[in-house]
Amino acid sequence: MLLSIILLLICLCWHLHKSLFCISVCSKELSGLQCIAPLVRSVEESPEPVPTTVKGTIPAWVRGSLLRNGPGKFEFGNQTFNHWFDGMALMHRFQIADGHVTYSSRFLRSDSYNSNCELNRIVVTEFGTLALPDPCKNLFQRFLSLTWFGPPQPTDNANVSFVKYKGDYYVSTETNFMHKVDPETLETKEKVDWSNFVAVNGATAHPHVDLDGTVYNMGNSYDRKGTSYNIISVPPEKDSPSDTLHGAKVLCSITPADKNRPSYYHSFAMSKNYVVFIEQPIKLDLFKIMTCKMRGKNICDGIYWDPNQDTLFHLVDKHNGKVCPVKYHTRALATFHQINAFEQDGFLIVDMCCSDDGQAINNYFIQNLHKSGEALDKVYNSMGKAFPRRFVLPLNITSKTPLGQNLNTQSNSSATAVCLSKHKVFCTFEDLHGDDLLDYGGMEFPNIHYDRCNTRPYRYFYGCGFRHLVGDSLIKMDLEGKKLKTWCKPGFYPSEPIFVPSLDAEEEDDGVILSVVLTPTDDKSTFLLVLDAKTFEELGRAEVPVNIPYGFHGTFNSSS
């Protein structure tokens with residue numbers, strides 16, 4: 001036992017030294033950041049396809065549509081949303097065929113959008129904006145209103161991503177509501193409530209698809225005993241044309257470390273045999289959230305970062321729903337997006353973008369995104385930066401596993417995993433980057449060649465560099481040598497890179513990268529960028545003669 005404690009202290013000291021070094025380098029302050037307020041503004045929808053001007057060449061084999069989602073309307077009447085995440089969902093479609101591109105967009109006709117439009121004010125509470133009471137009601141009427149004093153009703157403003165279940169496209173956020181949409185016209189078709197099919201009060205906008213077409217997701221459930229994290233599976237086939245989430249089931253439930261203060265999570269990881277849930281110390285104070293309307297506070301007022309708590313990895317066997325009794329601990333980290341996970345030689349490798357500070361959500365209030373000069377520099381320089389990191393989790397932990405020694409036997413990995421007891425392993429990470437990534441402000445919005453590499457060993461991943469509050473560069477990381485290639489133009493802000501494989505792809509990076517690029521300096525100057533994924537050189541761009549706000553996530557719907 002003494003040996004294990006000593007070794008753990010050595011491990012912690014080494015990791016603390018490494019982390020402090022990274023923070024000292026990454027915290028090099030930037031100044032003179034460009035104002036990006038025009039990237040976060042309301043725009044008009046363009047439901048009819050708009051021709052674009054193509055410069056360069058878009059390969060003829062790229063056929064299909066890039067579907068993207070994000071906030072596109074930030075005010076109703078004289079009321080304005082407080083947070084970037086609150087803007088009304090605007091869906092985008094870049095239709096690509098024979099080297100030509102058209103663009104169209106539509107606002108999601110959610111109940112939130114329709115209600116706000118009808119009354120020309122904000123009537124539905126969003127993440128960072130508390131809907132004010134009806135000004136036509138007097139104080140006594142408001143007091144009698146149960147809706148004002150009760151918990152906030154979940155929004156159906158699904159502005160995060162496009163997801164696919166049973167061949168149908170949906171737009172999703174993190175509540176229990178999704179909307180089925182037509183991927184050709186972007187018309188809103190049907191509102192779908194997760195809680196009508198499984199016992200969850202929400203689901204992530206980042207599901208994973210297995211090789212057999214089964215889709216896995218996660219959602220919380222709340223009852224008098226507290227909170228549970230639930231792993232959900234949705235079968236791949238429809239039973240009828242009207243089938244949506246029919247047949248969905250809860251694979252298992254995981255008990256939080258604190259049932260009254262569960263962790264916030266935006267996504268999860270998946271390998272061939274396991275679902276990996278990362279319980280991070282970004283915490284939800286359920287009492288504060290339930291009483292936010294009564295207290296006159298936003299929902300996000302109930303979310304906080306606790307750096308004194310460990311981050312935990314929970315492993316769930318996808319085949320039988322059993323939760324692994326071994327918990328893998330690491331120090332306090334925050335993660336929004338995982339890169340990939342796979343099993344190799346008795347280990348589970350988990351790669352993810354993570355930072356040492358979990359307060360990033362608070363930086364994306366509209367007032368911060370609209371700042372300029374020193375005030376903007378101060379916001380950016382106070383933010384924790386996300387970097388790609390690898391954890392190596394030993395799978396075969398038993399009562400005979402030696403304590404107090406590094407179990408990671410992979411010769412090419414500097415990550416550590418020290419068994420402290422038969423149910424506890426403490427891990428440290430390996431950086432998946434060299435020092436050159438520090439110059440790009442870290443990395444987020446990671447993507448891979450998903451169909452080929454998800455749940456399997458891989459070599460390349462792509463993402464956005466963040467020398468601003470939003471992405472300002474595109475990055476390709478090569479895990480062999482941890483080398484990077486970049487696309488970066490001053491004053492231009494690219495979105496999440498989407499990898500599209502070529503029809504006859506032999507190598508992992510045979511294909512193109514699609515990204516929507518914006519600039520705050522010129523009106524109607526957005527373009528769809530097409531990069532050769534192998535060389536990371538620009539092949540062409542399609543210039544769009546309408547304004548588009550900076551969005552979140554998307555997918556490519558192939559028509560090949």
Side-chain angles (χ1 to χ4, degrees), residues 52-68 92-103 339-340 388 432-434 436-437 439-440 443-454 456-467 471-519 525-544 553-560:
T52 68
T53 301
V54 174
K55 294 185 177 179
T57 302
I58 297 177
W61 60 263
V62 183
R63 299 184 63 87
S65 52
L66 174 64
L67 302 172
R68 283 190 50 77
H92 311 266
R93 179 176 186 259
F94 293 84
Q95 176 62 24
I96 309 170
D98 301 321
H100 300 285
V101 180
T102 60
Y103 167 79
I339 304 167
N340 200 5
L432 294 182
H433 63 88
D436 45 3
L437 185 59
D439 295 330
Y440 289 89
M443 186 180 189
E444 256 293 358
F445 292 148
N447 266 287
I448 60 173
H449 185 163
Y450 191 92
D451 290 342
R452 175 170 174 163
C453 298
N454 189 52
R456 290 169 285 237
Y458 70 113
R459 178 174 173 179
Y460 303 106
F461 61 97
Y462 313 88
C464 286
F466 273 76
R467 288 176 299 190
D472 75 326
S473 60
L474 294 170
I475 296 172
K476 174 185 180 180
M477 291 295 305
D478 183 348
L479 290 175
E480 289 189 9
K482 300 180 181 177
K483 299 171 291 185
L484 61 78
K485 294 180 180 178
T486 63
W487 182 93
C488 182
K489 305 292 181 184
F492 287 93
Y493 298 87
S495 69
E496 170 193 54
I498 300 295
F499 177 83
V500 181
S502 60
L503 299 179
D504 55 350
E506 295 183 1
E507 305 206 17
E508 182 183 329
D509 58 347
D510 285 342
V512 297
I513 292 293
L514 303 180
S515 178
V516 180
V517 182
L518 289 73
T519 179
S525 56
T526 302
F527 59 89
L528 174 65
L529 175 68
V530 183
L531 298 178
D532 183 315
K534 187 175 289 291
T535 66
F536 233 54
E537 296 294 326
E538 180 174 337
L539 297 174
R541 61 178 66 180
E543 297 177 343
V544 185
H553 297 289
T555 189
F556 187 75
N557 179 23
S558 175
S559 59
S560 300

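Any value given below was found using the heavy atoms of this structure, including those in side chains, with hydrogens, waters and symmetry copies removed. Starting from 1, each residue takes its place in the sequence as its number.
Side-chain atoms of Thr52 and Leu528, non-hydrogen and from C-beta on, never get closer than 4.5 Å to each other. You'll find the side chain of Ile96 reaches within 4.5 Å of the side chain of Leu514, heavy atoms only.
Met477 contributes atom CE, which lies 8.5 Å from atom CD1 of Ile339 (distance to the nearest 0.5 angstrom). Here CG of Asp436 is found 11.0 Å from NZ of Lys483. Values are rounded to the nearest 0.5 Å. In this structure, CG on Leu432 lies 11.5 Å from CG on Asp478, to the nearest 0.5 angstrom. With rounding to the nearest 0.5 angstrom, the CD1 atom of Ile475 is 12.0 Å from the CD1 atom of Ile513. One distance of note links CZ of Arg63 with CG of Leu503; it measures 10.0 Å at 0.5 Å rounding. For the atom pair NE2 (His100) and CD1 (Ile58), the distance works out to 9.5 Å, reported to the nearest 0.5 Å.
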Quiz: residues 487-494 side-chain donor-acceptor pairs under 3.5 angstrom, not counting sequence neighbours:
| residue | atom | partner | partner atom | Å |
| --- | --- | --- | --- | --- |
| Tyr493 | OH | Gln34 | OE1 | 2.8 |

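Formation of a donor-acceptor pair under 3.5 Å by the Thr57 side chain with backbone atoms of Leu539 is not found in this model. Not one N or O on the side chain of Thr526 forms a donor-acceptor pair closer than 3.5 Å with the backbone of Val544. Remark: side-chain polar atoms of Asn340 are paired, donor with acceptor, to backbone N or O of Cys453 under 3.5 angstrom. Remark: side-chain polar atoms of Glu496 are paired, donor with acceptor, to backbone N or O of Gly554 under 3.5 angstrom. The backbone N or O of Arg93 lies less than 3.5 Å from no partner atom in the side chain of Ser65, so there is not a single donor-acceptor pair. The main-chain N or O of Pro497 is found under 3.5 Å from a side-chain atom of Asn447 such that the two form a donor-acceptor pair.
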Practice task
Could you go through the salt bridge (Lys or Arg N to Asp or Glu O under 4.0 Å) check for Glu508 and Arg452 one step at a time?
Solution key: CA-CA 8 Å; Glu508 182 183 329; Arg452 175 170 174 163; 5.7 Å; no
Go through the steps for Phe461 and Met443 under the test side-chain contact (heavy atoms from CB on, under 4.5 Å), then give the verdict. CA-CA 11 Å; Phe461 61 97; Met443 186 180 189; 3.5 Å; yes
* Asked: Does the pair Val512 and Trp61 meet the rule for a side-chain contact (heavy atoms from CB on, under 4.5 Å), with working shown?
  -> CA-CA 10 Å; Val512 297; Trp61 60 263; 3.8 Å; yes
* To do: Evaluate the criterion side-chain contact (heavy atoms from CB on, under 4.5 Å) for residue pair Phe466 and Phe445; output intermediate values, then yes/no.
  => CA-CA 10 Å; Phe466 273 76; Phe445 292 148; 4.0 Å; yes
From CA spacing to verdict: side-chain contact (heavy atoms from CB on, under 4.5 Å), Val516, Leu518: CA-CA 7 Å; Val516 180; Leu518 289 73; 3.9 Å; yes
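Here the closest non-hydrogen pair linking Lys534 and Asp509 is NZ-OD1, 2.8 Å. Residue Phe536 comes nearest to Thr486 through the heavy atom pair CD2-C, 3.7 Å, listed as atom of the first residue, atom of the second, then distance. Minimum heavy-atom separation, Leu474 to Cys464: CD2-SG, 4.1 Å. Considering every non-hydrogen atom in both Ser473 and Tyr440, the closest pair reads OG-CD2, 3.7 Å.
Glu480 has a carboxylate O that lies under 4.0 Å from a charged side-chain N of Arg459, or vice versa, which qualifies the two as a salt bridge.
In this structure Phe499 satisfies the ring-ring contact (aromatic ring centres under 6.0 Å, His included) test together with His449, Tyr462, sequence neighbours excluded. In terms of the side-chain hydrogen bond (donor to acceptor under 3.5 Å, both in side chains) criterion, Tyr460 has no residue partners (sequence neighbours excluded).
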